[in-house]
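Structure record follows, encoded as structure tokens.
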Amino acid sequence: MRARVAAWREAGERVALVPTMGALHEGHLALVAEARRIGRAVVSIFVNPTQFGPNEDFARYPRDVESDLRRLREAGADAAWTPEVATMYPPGFATRIEVSGLTEGLCGAFRPGHFSGVATVVTKLLGQVRPDVALFGEKDYQQLQVVRRAVADLDLAVEIRGVPTLREADGLARSSRNRYLEPDERALAPNLYAVLNAVAAACRTGAATAPAIAEGIATLQEAGFQVQYLAVCDAVTLAPLERVAGPARVLAAAYLGRTRLIDNVAV
């Protein structure tokens with residue numbers, strides 16, 4: 001992989017990496033299209049065990065590498081990097097990256113160790129591929145901010161670029177986990193995006209965030225969601241906001257049945 005990238009760079013080309021866990025959908029392919037606009041498009045496929053908790057869905061996370069590779073060929077990706085677990089975490093592996101502050105709330109409060117696993121595997125992928133740019137979807141907004149912080153703090157020579165969330169026609173954010181939804185759950189799922197937009201609209205008026213959050217949680221619960229959090233946060237630090245006076249995000253995580261959905265919108 002490094003030799004291929006080095007050859008492209010010697011030819012004066014730029015290289016963009018799209019890190020994924022496979023089960024590719026149109027949202028991933030939008031990232032590939034953006035990568036192709038930058039230069040050579042490399043897509044990594046690796047279901048990272050260190051970012052799953054003991055009661056999470058690592059074992060049943062969808063895996064279909066051959067289908068993924070076919071889609072990447074059709075999308076015009078230049079290379080796929082598909083390391084094995086033994087390559088990423090060989091015997092004796094003893095290093096993890098911890099990003100404090102950004103990881104303590106939101107998903108971090110419910111998934112201990114998750115963002116350490118993310119920061120570690122992304123740093124390894126960046127070191128293996130050595131791209132000029134790495135692309136991440138904004139649906140995983142906390143992850144995006146954690147990766148940006150790690151890259152800045154470790155002086156890694158790569159640009160981290162967020163790409164807007166790709167959505168279904170009814171507003172549901174594209175996600176590999178959407179395939180877990182039962183038909184009745186899929187019909188309810190767009191309520192999450194609708195509530196996020198309603199909260200954002202209320203906060204843009206300068207009103208206190210707490211009433212809008214409380215109303216949003218009640219609406220989701222009435223629709224059948226088990227809400228983990230609904231929050232209005234600073235867009236950079238992810239600190240909770242009582243009122244919005246600058247760039248901010250409304251973020252949420254909630255279960256429909258066994259499926260955990262996350263989403264966010266700008267205020």
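Since we're looking at a predicted model, the values are computed, not measured.
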Going through the checks in order, is the side-chain hydrogen bond (donor to acceptor under 3.5 Å, both in side chains) test met by T209 and E242?
-> CA-CA 5 Å; T209 60; E242 294 182 0; over 6 Å; no
> Between D68 and R63, is the closest basic N to carboxylate O distance under 4.0 Å?
Replying inline: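 No salt bridge links R63 with D68.
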Going by an N to O cut-off under 4.0 Å, is there a salt bridge joining E34 and R37?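 Here E34 pairs with R37 in a salt bridge, since their nearest N and O are under 4.0 Å apart.
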Counting only N and O atoms by type, is there a donor-acceptor contact under 3.5 Å from the side chain of N264 to the main-chain atoms of K139?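 Yes, because the side chain of N264 sits within donor-acceptor range (under 3.5 Å) of the backbone of K139.
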Margin query: So does G117 get a backbone contact from the side chain of N48, meaning a donor-acceptor N/O pair under 3.5 Å?
Written below: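 Pair found, side chain donor or acceptor close to backbone of G117.
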Transitive ILVMFWY side-chain link V121 to L126, under 4.5 Å: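 Yes.
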The criterion is salt bridge (Lys or Arg N to Asp or Glu O under 4.0 Å); which residues satisfy it with [X], sequence neighbours excluded?
X    : answer
R73  : none
E159 : R161
R177 : D57

Can you name the residues that form a side chain to side chain contact (heavy atoms under 4.5 Å, CB included) with [X], not counting sequence neighbours?
X    : answer
R167 : T165, A173, Y193, D263, V265
A235 : Y141, P247, R249
L166 : E26, A30, R174

Ring of Y180, cation from R60 - is the NZ or CZ under 6.0 Å from the centre and inside 45° of the axis?
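Pair R60/Y180 counts as cation-pi.
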Item to complete: Examine the side chains of R260 and Q228 and answer whether a donor and an acceptor come within less than 3.5 Å of each other.
Response: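 Indeed, the side chains of R260 and Q228 share at least one donor-acceptor pair under 3.5 Å.
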Please report the closest heavy-atom contact between A231 and C233, naming both atoms and the distance.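 Of all heavy-atom pairs spanning A231 and C233, the closest is CB-SG, 3.9 Å.
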Of all the heavy-atom pairs spanning P83 and F46, show the shortest one and how long it is.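 Result for this residue pair: O-CD1, 3.4 Å.
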Would you please classify the geometry between the Y89 ring and the F93 ring as parallel, tilted or perpendicular, with 30° and 60° separating the classes?
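Aromatic pair F93/Y89 classed perpendicular.
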